[in-house]
There are 2 protein chains.
Amino acid sequence: MSTENRSANYINCQNCGINQLCLPYTLDDSSLTKLDSIIERKRPYQRGDTLFRAGEPLTSLYAVRSGSLKSYILNDNGEMQITAFHLPGDLIGFSSISDQRYQGFSEALETSMICEIPYDNLELLSGQVPTLRRQIMRLMSDEINADKRMLGLVTSRNAEARVATFLLELSSRFQKRGLSSSEYRLSMTRAEIGNYLGLTVETVSRLLGKFQREHIIKVSGRLVKLCDINRIGEIAGLSPIPCQKKQA
Amino acid sequence: MSTENRSANYINCQNCGINQLCLPYTLDDSSLTKLDSIIERKRPYQRGDTLFRAGEPLTSLYAVRSGSLKSYILNDNGEMQITAFHLPGDLIGFSSISDQRYQGFSEALETSMICEIPYDNLELLSGQVPTLRRQIMRLMSDEINADKRMLGLVTSRNAEARVATFLLELSSRFQKRGLSSSEYRLSMTRAEIGNYLGLTVETVSRLLGKFQREHIIKVSGRLVKLCDINRIGEIAGLSPIPCQKKQA
DNA sequence: CGTGCAATTGACGTGGCTCAAGTGGTGTGG
DNA sequence: CCACACCACTTGAGCCACGTCAATTGCACG
């Protein structure tokens with residue numbers, strides 16, 4: 001079978017719709033072929049399937065091709081703390097590079113296609129391909145940034161602002177992936193949203209209800225429609241309740 | 001002047017007491033010399049001096065040689081959100097690699113010696129020295145981890161647990177640097193601790209007072225002595241108030 | 001010795017958690 | 001096709017940890 005056929009019929013990086021959000025970004029053809037050759041793709045993960053569990057030796061990083069996942073850690077009390085929701089193009093596992101063991105868990109929220117990137121091979125290849133090395137650093141840097149922003153959100157904004165920010169962030173992430181930024185389906189439960197934002201299910205539910213009553217959004221189960229994005233931005237930004245003023 | 005004299009009389013990586021916490025870790029002599037040669041060391045930074053400000057183009061990463069700093073971002077309301085306190089050996093600036101601009105501010109909390117590592121040179125060198133590249137990735141991975149743990153702390157633990165965890169974390173970081181883990185000086189104000197932990201000054205002050213009244217610690221201004229580390233661990237871990245039970 | 005910021009302490013208010021009851025939607029087995 | 005079980009989600013009532021506001025003390029520096 002010719003390579004043309006391969007790229008037409010098989011799942012690979014070359015024909016992946018979100019490759020510019022992922023590792024392949026900035027890679028030339030020959031480097032991309034090399035990267036693609038080390039990536040393994042297995043059958044889809046189903047809701048509840050885990051990519052890895054805390055403590056297991058780091059074998060691979062994972063890239064989301066389709067679907068969505070949550071990553072979480074367990075604290076000393078054994079409670080789950082969700083640290084991220086992953087969408088197509090996201091890379092998973094950077095936090096485990098340091099001590100070569102997975103630091104937490106990663107679990108599919110729905111049926112998902114996952115690209116598995118054996119870490120040793122990636123590490124080797126990144127020594128040969130500077131653009132790949134730089135892209136890995138960029139993605140790690142992005143994750144650090146996202147975590148810091150998240151930290152700012154939960155330490156200094158009230159519940160309304162957190163939920164509004166969450167809706168906006170999903171909106172912008174869907175937009176980057178060529179999907180609607182004003183109407184989307186949540187693959188996570190209210191409880192998972194609350195856990196992620198440091199709120200209870202009840203609070204999340206009440207606020208979505210409130211936003212709906214104020215005609216800012218429309219919710220129907222897992223489906224969300226953002227009707228007044230500007231208003232959501234205001235709520236996310238300048239919190240309406242004079243907001244705890246930490247020093248300027 | 002011989003190289004022996006150089007290493008005896010000048011500040012460099014070879015004679016740096018905390019080089020195994022920093023970039024040099026695992027580097028052989030010749031690589032270490034190369035790294036050292038690109039590093040610039042200027043006069044000490046004084047309390048309040050900033051290494052960089054948000055928006056400026058990324059020129060260097062910074063390593064703390066002595067002293068301490070805070071990094072912070074400003075949210076949409078212009079409020080400061082402290083994202084990290086830095087001690088000797090820490091590297092600063094990873095979050096800025098992604099878009100080649102500093103994402104926040106970094107400011108000395110006291111007189112501090114800082115090693116400046118021009119980013120372009122570091123990037124080049126990391127292409128030639130695999131051990132350096134791997135150490136950079138390890139340090140970035142560590143930072144991601146620290147941020148996730150911090151996220152777990154502020155989203156799901158009460159004020160007591162946060163302050164206790166903060167005291168313990170400082171303790172372990174001082175220990176790694178060969179300093180006392182049971183008695184140390186805070187270089188940050190109560191307000192800065194509160195900002196970092198998502199609490200008000202008053203709450204931090206009250207809890208330090210409470211811990212002291214319970215003979216768990218002894219505070220005298222910026223000086224802290226941990227008297228009952230086990231107890232602090234209990235408070236940091238299993239929170240005494242049944243603690244918001246997110247799902248297990 | 002005065003100026004100014006850091007820290008403490010008290011009184012009070014409230015946002016969001018807890019507990020509890022009810023609704024809705026979905027899959028399974030009879 | 002219905003009955004039932006099981007979740008996810010919603011909604012209400014009450015309470016408390018922590019934020020807000022305000023006054024005071026302590027300490028460093030010129």
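Bear in mind that the values here come from a model prediction, so they are computed numbers and not experimental data. So that the names make sense, note that chain A is the first sequence line, chain B the second, and so on, each numbered from 1.
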Between dT8(C) and R213(B), counting only base atoms on the nucleotide and side-chain atoms on the residue, is there a donor-acceptor pair under 3.5 Å?
no
Counting only side-chain nitrogens and oxygens, does T203(A) get under 4.0 Å of the OP1 or OP2 atom of dG16(C)?
no
Rounded to whole angstrom units, what separation is found between the CG atom of L223(A) and the C1' atom of dC9(D)?
15 Å
Given atom CD of Q212(B) and atom C1' of dT8(C), what is their separation to the nearest angstrom?
12 Å
Once the angle between the rings of F174(A) and Y184(A) is folded into 0 to 90°, is it parallel (under 30°), tilted (30 to 60°) or perpendicular (over 60°)?
tilted
Between N15(A) and R65(A), what is the shortest heavy-atom contact and its length?
OD1-NH2, 3.5 Å
L207(A) CG to dT11(D) P, in whole Å, measures 12 Å
Start with the C-alpha distance between M80(A) and E107(A), add both sets of side-chain angles, then the distance that settles side chain to side chain contact (heavy atoms under 4.5 Å, CB included), and finish with yes or no.
CA-CA 12 Å; M80(A) 174 174 70; E107(A) 181 183 321; over 6 Å; no
Starting at CE of M188(B) and ending at C1' of dC5(C), how long is that distance when rounded to a whole Å?
18 Å
Spacing of L208(A) atom CG relative to dT10(D) atom P, expressed in whole Å:
7 Å
Measure distances between side-chain N and O atoms of E202(B) and base N and O atoms of dC21(D), and say whether any donor-acceptor pair falls under 3.5 Å.
yes
With a 4.5 Å cut-off on side-chain heavy atoms, are L69(A) and Y45(A) touching?
no
State whether R190(A) places a side-chain N or O below 4.0 Å from either non-bridging phosphate oxygen (OP1 or OP2) of dC9(D).
yes
Aromatic ring pairing F52(B)/Y102(B), orientation class (parallel under 30°, perpendicular over 60°, tilted between):
parallel
Could you tell me whether the side chain of R206(A) has a donor or acceptor atom within less than 3.5 Å of a complementary atom in the base of dG12(D)?
yes
Does R222(A) make a side-chain donor-acceptor contact with the base of dT26(C), cut-off 3.5 Å?
no
Would you say a side-chain N or O of T200(A) is under 4.0 Å from OP1 or OP2 of dG16(C)?
no
Quickly work out the E192(B) CD to dA6(C) P distance and round it to whole Å.
8 Å
Separation of K210(B) atom NZ from dT9(C) atom C1', in whole Å?
16 Å
Rounded interatomic separation in angstrom, taking CG from N195(B) and P from dA7(C)
13 Å
Position toward the 5' end of DNA chain C (nearest nucleotide), A159(A) or S205(B):
S205(B)
Side-chain donor/acceptor of R162(A) to base of dG16(C), under 3.5 Å
no
